Novice: 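Here's a structure for you.
Note that the structure is predicted; figures quoted are calculated from it, not measured.
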Protein chains: 2
Amino acid sequence: METLRRTLHERGFRMTPQRQLVLDAVQRLGHATPEQICGAVQRQAPAVNITTVYRTLDLLERLGVVRHTHLGHGAPTYSAHEHEHVHLVCHRCGEVAEVPTELLDDVARRLRAEYGFRLDATHVALSGACSNCADEADATDATEEDR
Amino acid sequence: METLRRTLHERGFRMTPQRQLVLDAVQRLGHATPEQICGAVQRQAPAVNITTVYRTLDLLERLGVVRHTHLGHGAPTYSAHEHEHVHLVCHRCGEVAEVPTELLDDVARRLRAEYGFRLDATHVALSGACSNCADEADATDATEEDR
DNA sequence: ATAACTGCAAAAGTTTTGCAATCGG
DNA sequence: CCGATTGCAAAACTTTTGCAGTTAT
């Protein structure tokens, strides 16, 4: 089990309580915006500044410890790098589901073959209507959505 | 051919020169951010305010005339509703390619069947490395990317 | 010791809002 | 004419930057 301290030291960075708190929050929250992460951290250590959260997320991402995903609306969300999955975001209710990346294996293969494009399936979310909303809104046009 | 004036009137909105200019710009530019659209509009009518561009894009989207797509980094991009396609964004060089939505037909079918999720293939972009960048950066990790 | 790191305040960038003036139907 | 629409200025957010003080090694 790779400790954060070690990962940092390997690249010449220092271990700080703030960094551990941010990483803990990211892992605990699943996918969360910088603001949500900051809130979670501040519940444990109120003095931690949001600036530090931004900087730490940036660093952790460069280290490959976390990654961010664009769920469709404005704010990017961060999650621990571990469990790779594709996100499904409902643009009606905002619900986020996760499905195995295998789902896109065929597509990835075709993109690679036909366009030379190497898909990173985890970076963006697929948008659509979740089962609940799809039913309710069957007639309604899907134009009044996010942002 | 459905005129903008008519589409507006059908829903009780008014036709204005600004609205035509914004729509023209969106169609002309392909996919563009509000700021780019504003720039294009202002080249023809310098007095048009960016506020109006935002409001107009919002309106046109509610009317189903344009739609916006999240290309992965911060800014949403708008494009005319017509030609449906899936976007491929290179998170290295930012290049945006378009591929037929058929690419995702199988995936859409599976999502529908297995999760009840109705995919809107055109709303988000698939992220990855384009053929140029994939070659160059074969060793490099893909972590220092967008935003 | 000393370079990395943090917090604070301020800046920068983007999108939204309030309002008086203007314009379309 | 009357209400929708616009431009402007200001507000509201989100993210970044500069810097002096603090901390990890």
Side-chain angles (χ1 to χ4, degrees), chain A residues 3-23 25-26 32-39 41-42 44-63 65-66 68-78 144-147, chain B residues 3-23 25-26 32-39 41-42 44-63 65-66 68-78 144-147:
Chain A
T3 82
L4 176 58
R5 158 166 263 114
R6 171 160 178 186
T7 308
L8 288 165
H9 285 183
E10 275 170 1
R11 297 243 228 146
F13 298 107
R14 293 177 179 173
M15 178 57 167
T16 68
Q18 289 91 334
R19 286 173 177 175
Q20 187 67 60
L21 286 167
V22 169
L23 176 55
V26 169
T33 64
E35 201 176 37
Q36 294 171 318
I37 293 164
C38 186
V41 168
Q42 289 181 337
Q44 302 180 69
V48 175
N49 195 278
I50 192 165
T51 303
T52 301
V53 173
Y54 276 106
R55 285 190 285 223
T56 302
L57 288 171
D58 234 59
L59 177 62
L60 293 180
E61 186 160 37
R62 287 203 305 277
L63 295 175
V65 175
V66 304
H68 80 270
T69 306
H70 300 282
L71 256 33
H73 41 287
T77 63
Y78 287 79
E144 70 289 34
E145 20 136 322
D146 62 62
R147 147 81 53 78
Chain B
T3 82
L4 175 58
R5 156 165 264 115
R6 172 161 177 183
T7 309
L8 287 165
H9 285 183
E10 274 170 0
R11 297 243 228 144
F13 298 106
R14 292 181 179 170
M15 178 56 168
T16 68
Q18 290 90 334
R19 287 172 176 174
Q20 187 66 61
L21 287 168
V22 169
L23 176 55
V26 169
T33 63
E35 200 178 40
Q36 294 172 320
I37 293 164
C38 186
V41 168
Q42 289 182 338
Q44 302 181 72
V48 175
N49 195 278
I50 192 165
T51 304
T52 300
V53 173
Y54 275 107
R55 287 190 284 225
T56 302
L57 288 172
D58 234 59
L59 177 63
L60 293 181
E61 186 159 37
R62 288 203 304 276
L63 295 175
V65 176
V66 303
H68 79 270
T69 306
H70 300 283
L71 255 32
H73 42 286
T77 63
Y78 288 78
E144 71 289 32
E145 19 136 322
D146 62 62
R147 145 87 51 78

Novice: Round to the nearest Å and state the distance from B/Y54 atom OH to D/dC8 atom P.
Specialist: 17 Å
Novice: Give a yes/no on whether any side-chain N or O of A/Q18 is located under 4.0 angstrom from OP1 or OP2 of C/dG7.
Specialist: yes
Novice: Starting at atom CG of B/L8, determine the distance to atom P of C/dG24, rounded to an integer number of angstrom.
Specialist: 13 Å
Novice: As a quick check of understanding, evaluate side-chain contact (heavy atoms from CB on, under 4.5 Å) for A/L59 and A/R19, giving each step before the final call.
Specialist: CA-CA 9 Å; A/L59 177 62; A/R19 286 173 177 175; 3.4 Å; yes
Novice: Using a 4.0 Å heavy-atom cut-off across all strands, classify A/T16 as base, sugar-phosphate, or nothing.
Specialist: sugar-phosphate
Novice: For the side chain of A/V48, counting heavy atoms from C-beta on, which of C/dG25, C/dG7, C/dT15 is nearest?
Specialist: C/dG7
Novice: Consider the side chain of B/R14, meaning its heavy atoms from C-beta on, and name the nucleotide among C/dC8, C/dA4, C/dC23 that approaches it most closely.
Specialist: C/dC23
Novice: When you measure from the side chain of B/T52, which nucleotide among D/dG7, D/dA24, C/dC8 comes out closest?
Specialist: D/dG7
Novice: Would you check if the side chain of A/Q20 reaches a backbone N or O of A/L4 as a donor-acceptor pair within less than 3.5 Å?
Specialist: no
Novice: Nearest nucleotide by nearest heavy atom, which residue falls closer to the 5' end of DNA chain C, A/M15 or B/I50?
Specialist: A/M15
Novice: Got A/L60 and A/Y78 here, is their nearest side-chain heavy-atom distance under 4.5 Å?
Specialist: no
Novice: Expressed as a whole number of angstroms, how long is the span from B/Q20:CD to D/dT5:P?
Specialist: 15 Å
Novice: Taking OP1 and OP2 of C/dC8, is either one under 4.0 Å from a side-chain nitrogen or oxygen of A/N49?
Specialist: yes
Novice: Given atom CG of B/D58 and atom C1' of C/dT16, what is their separation to the nearest angstrom?
Specialist: 10 Å
Novice: Kindly say whether, by distance alone, the side chain of A/R55 makes a donor-acceptor pair under 3.5 Å with the base of C/dG7?
Specialist: yes
Novice: If the cut-off is 4.0 Å, is A/T51 near the phosphate of C/dG7, judged by side-chain N/O to OP1 or OP2?
Specialist: no
Novice: Kindly say if A/R19 contacts the phosphate of C/dT6, meaning a side-chain N or O under 4.0 Å from OP1 or OP2.
Specialist: yes
Novice: Evaluate the side-chain proximity of A/L57 to A/V26: yes if any heavy-atom separation is below 4.5 Å, no if none is.
Specialist: yes
Novice: B/H68 NE2 to C/dT15 C1': how many Å, rounded?
Specialist: 13 Å
Novice: Where each residue is assigned the nucleotide of DNA chain C containing its nearest heavy atom, which of A/F13 and B/P17 is assigned the position nearer the 5′ end?
Specialist: A/F13
Novice: May I have the distance from B/Q36 (atom CD) to C/dT14 (atom P), rounded to whole angstrom?
Specialist: 11 Å
Novice: Please determine if a side-chain N or O atom of A/R5 lies less than 4.0 Å away from the OP1 or OP2 oxygen of D/dA24.
Specialist: no
Novice: Would you mind reading off the distance between B/R11 atom CZ and D/dT5 atom C1', rounded to a whole angstrom?
Specialist: 18 Å
Novice: Output the rounded distance in Å from CG (A/L63) to C1' (C/dA4).
Specialist: 14 Å
Novice: Residues in side-chain contact (heavy atoms from CB on, under 4.5 Å) with B/A45, at least two apart?
Specialist: B/L21, B/V48
